[in-house]
Number of protein chains: 2
Amino acid sequence: MNLACASCPVRERAACAVLTEAERGELARAGRTVKLKRGEMLFAAGDEDHACATLLRGALKVSAVDREGEERILALIHPAGFVGELFQPFAHHDVVALTDCELCVFARREMEAALERHPALARAMLRRSQDDLHAARELLELTGKQDAATRLAGLIMAMARAASDSPCHPSQAFDLPLTRGEMAQMLGLTIETVSRRMSKFEKDGLIAKKGARGIELVDPARLEALVGVGL
Amino acid sequence: MNLACASCPVRERAACAVLTEAERGELARAGRTVKLKRGEMLFAAGDEDHACATLLRGALKVSAVDREGEERILALIHPAGFVGELFQPFAHHDVVALTDCELCVFARREMEAALERHPALARAMLRRSQDDLHAARELLELTGKQDAATRLAGLIMAMARAASDSPCHPSQAFDLPLTRGEMAQMLGLTIETVSRRMSKFEKDGLIAKKGARGIELVDPARLEALVGVGL
DNA sequence: CGATCAATTGAGCTGGTTCAATCGTTGTGG
DNA sequence: CCACAACGATTGAACCAGCTCAATTGATCG
């Protein structure tokens, strides 16, 4: 399927927004739209000549799997985010759909060529890459916390922020994009610990669980206070 | 002091290597060489209008300090590496010299202007940024390991690789750029745990301690096997 | 030579892991 | 429409790796 930039939901925010209509159209002809169902894999670690993509709708996870088969989630990707390791001969990480997704996929060569042709695109990608770096370091800081409650509180607040349209204030009620197991993988904890702390948060009146995936922040201030990390 | 690119030790590898002599000279006039002693701070979290820099000699750490004063090391920077958060109004992290250092410092505005003027520089910075992102995610993977021995083994191997000139094979014997406390901060452990595991590694014949900072990898293969993480 | 700071080592405690059983939700097929 | 299977989430009990507190040793430097 060809790309329909005109109706692209992230037209304003994705890296390609810096291109002119004509340039964007040219890039679009090199790419294609892909839909993924929850759980489907976009790239796998070890793939040679893997592609890259901008996420239009849904959520992705980037994860590493070690020799023992333990999975570790390294990043969450939200709409307008970019995945794919430029300049690398093969992929180091898996990229998997957390929810049903829609993406705009490019061959890596095409993307690299476009970076040469369009300096503004390279600068936009640099900006995005720096943001990703910042996000990775924030996760690093979060997972360095000694106790499980702090880490989990930080993750919940981060997801509340991501779930909100307004970048400033977090959502009060939303659906968690991650299972307990996935939260555990992000935080370096076990499923059981995550589950126990969630129950304790609810008992203490910090949150309320709404069905399977839903969560409501009953007392965001107290939750935020737990975190002890800026932003 | 003005910059002497001609005698720059990272002339070939730094981001500015992609520029022509003339372009580089122009950029150089906007920057200055700075020397730091071990422990001195280059940028502090919260600095407005902070600068950015390429590291010529020595080693830096990038770290975050939370409200409780707990420090967390987010990255190590080696020669030819770049520090400074482009596009950000203020710094989020501290940058401190781990050893005596020499740097090439630029005002952030100058650097951002240079990225506009020189597309090749923007691409080089993108590449570097992606490498930094990859390094951050590798550290994330390492600190996700359940047991202290695995994490420490991974850090030692990473430092051995960084200490080696040849990018392929790690040094057999080198000086650790970090104190026990700093290693602990990187790995989310305590000083005592790091110290104990180091002693155990020595007792088990994996490493040998050489004076205060020195270390020798007696059995790198067995150490690597402990890690359980690729690369 | 003493002072200071990093590193080591010991002892006890605790929070998170591990193992295991149960419950709840979702989706499928009869 | 219900039953059942599959999977995620919860909860309990016991254990143990790493944390905390504390004392000692070792290295570096004026």
Side-chain angles (χ1 to χ4, degrees), chain A residues 37-40 61 68-73 96 98-100 142-156 175-204 207-215 226, chain B residues 37-39 61 68-73 96 98-100 142-156 175-204 207-215 226 228:
Chain A
K37 289 235 179 58
R38 170 174 170 78
E40 286 185 320
K61 64 175 174 181
E68 288 89 44
E70 287 298 312
E71 183 178 353
R72 171 88 195 177
I73 296 180
V96 176
L98 287 170
T99 65
D100 292 357
L142 192 61
T143 58
K145 304 290 173 192
Q146 275 335 86
D147 58 319
T150 305
R151 292 193 227 179
L152 187 56
L155 181 61
I156 292 171
D175 275 3
L176 293 167
L178 300 178
T179 65
R180 296 285 184 270
E182 287 164 337
M183 289 192 252
Q185 282 166 12
M186 281 198 82
L187 298 173
L189 300 170
T190 58
I191 294 181
E192 293 92 329
T193 300
V194 171
S195 184
R196 273 187 255 270
R197 306 261 52 140
M198 290 285 279
S199 298
K200 188 155 190 308
F201 282 165
E202 183 165 41
K203 189 154 63 68
D204 294 351
I207 64 170
K209 300 185 208 161
K210 298 285 177 184
R213 278 293 171 77
I215 185 174
L226 255 181
Chain B
K37 291 235 179 56
R38 169 175 169 76
K61 64 175 173 181
E68 287 90 44
E70 287 298 312
E71 185 180 350
R72 171 89 195 176
I73 296 180
V96 176
L98 286 170
T99 67
D100 292 357
L142 191 62
T143 58
K145 303 291 174 192
Q146 248 15 52
D147 59 318
T150 306
R151 292 192 227 180
L152 187 56
L155 181 61
I156 292 172
D175 275 2
L176 294 167
L178 300 178
T179 65
R180 296 284 184 272
E182 288 164 336
M183 288 192 252
Q185 284 167 11
M186 281 198 82
L187 298 174
L189 300 170
T190 59
I191 295 181
E192 294 93 326
T193 300
V194 171
S195 184
R196 272 187 255 271
R197 307 264 46 144
M198 289 287 278
S199 298
K200 187 154 192 306
F201 282 166
E202 184 165 40
K203 190 154 62 69
D204 295 350
I207 64 170
K209 300 185 211 164
K210 298 286 179 183
R213 280 292 171 78
I215 185 174
L226 254 182

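Below, read A as the first sequence line, B as the second, and so on, with proteins coming before strands; counting in each chain starts at 1. Since the model is a prediction, treat every value here as computed from it, not as a measurement.
Rounding to whole angstrom units, CD of residue A:Glu68 and P of C:dT18 are separated by 13 Å. A straight line from CD of B:Glu182 to C1' of C:dA6 spans 11 Å, rounded to a whole angstrom. One interatomic measurement links the two molecules: CE of A:Met198 to P of D:dG8, which rounds to 16 Å at whole-angstrom precision. Between B:Leu176 atom CG and C:dA6 atom C1' there is a gap of 13 Å when expressed in whole angstrom units. Regarding A:Ile207, its CD1 atom lies at a distance of 13 Å from the P atom of D:dA9, rounded to whole Å. At whole-Å resolution of the value, NZ in B:Lys200 and P in D:dA17 are 11 Å apart. D:dA9 atom C1' lies 12 Å from atom CD of A:Glu202, rounded to whole Å. When rounded to the nearest whole Å, the span between CG of A:Leu152 and C1' of C:dG15 equals 15 Å.
One finds the CD1 atom of A:Ile73 at 9.0 Å from the CG atom of A:Leu155 (value rounded to the nearest 0.5 Å). Separating the OG1 atom in B:Thr190 from the CD atom in A:Gln146 is a distance of 7.5 Å, to the nearest 0.5 Å.
Among all heavy-atom pairs drawn from A:Ile215 and A:Ile156, the shortest one is CD1-CG2, 4.1 Å.
The side chain of B:Asp147 has D:dG18 as its nearest neighbour among C:dT17, D:dG18, D:dT10.
Of the residues in residues 184-191 of chain B, B:Ile191 come within less than 4.0 Å of DNA chain C through at least one heavy atom, sorted by number.
With sequence neighbours excluded, no residue forms a side-chain hydrogen bond (donor to acceptor under 3.5 Å, both in side chains) with A:Thr143. Under the rule for a salt bridge (Lys or Arg N to Asp or Glu O under 4.0 Å), B:Asp147 has no partner lying at least two apart in sequence or in another chain. In this structure, the salt bridge (Lys or Arg N to Asp or Glu O under 4.0 Å) partners of B:Glu202, at least two apart in sequence or on a different chain, are B:Lys209. For A:Ser195, there are no side-chain hydrogen bond (donor to acceptor under 3.5 Å, both in side chains) partners at least two apart in sequence or on another chain. A:Glu40 pairs by the side chain to side chain contact (heavy atoms under 4.5 Å, CB included) definition with A:Leu36, A:Lys37, not counting sequence neighbours. In terms of the side-chain hydrogen bond (donor to acceptor under 3.5 Å, both in side chains) criterion, A:Asp100 has no residue partners (sequence neighbours excluded). For A:Arg196, the side chain to side chain contact (heavy atoms under 4.5 Å, CB included) partners are A:Glu192, not counting sequence neighbours.
Between B:Gln146 and the phosphate of D:dA17, there is no side-chain N or O to OP1/OP2 separation shorter than 4.0 Å. The shortest distance between the side-chain N/O atoms of A:Arg197 and the OP1/OP2 oxygens of C:dG15 is not below 4.0 Å. Considering only side-chain N and O atoms, A:Ser195 lies nowhere under 4.0 angstrom from the phosphate OP1 or OP2 of D:dT11.
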| said: At under 4.0 Å between heavy atoms, how does the protein contact nucleotides 22-30 of chain D? Give one character per nucleotide, 5' to 3', with B, S or -. | reply: -----SS--
Review item, side-chain donor-acceptor pairs of residues 175-184 of chain A, under 3.5 Å, at least two apart:
{"from": "A:Thr179", "atom 1": "OG1", "to": "A:Gly181", "atom 2": "N", "distance (Å)": "3.4"}
{"from": "A:Thr179", "atom 1": "OG1", "to": "A:Glu182", "atom 2": "N", "distance (Å)": "3.1"}
{"from": "A:Thr179", "atom 1": "OG1", "to": "A:Glu182", "atom 2": "OE1", "distance (Å)": "3.4"}
{"from": "A:Glu182", "atom 1": "OE1", "to": "A:Thr179", "atom 2": "N", "distance (Å)": "2.9"}
{"from": "A:Glu182", "atom 1": "OE2", "to": "A:Lys61", "atom 2": "NZ", "distance (Å)": "3.4"}

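Among the heavy atoms of the strands lying under 4.0 Å from A:Lys209 are primed sugar atoms or P, OP1, OP2 only; no base atom is included. Residue contacts shown for A:Thr193 include a base, since a base heavy atom lies under 4.0 Å away.
In the interface, the side chain of B:Arg196 is paired with the base of D:dT20 through a donor and an acceptor atom under 3.5 Å apart.
Between A:Leu189 and A:Arg197 there is no side-chain heavy-atom pair separated by less than 4.5 Å.
For the helix from C:dC1-D:dG30 to C:dG30-D:dC1, the terminal axes (five pairs an end, C1' atoms, rotation from four pairs onto the next four) enclose an angle of 40°, given to 10 degrees.
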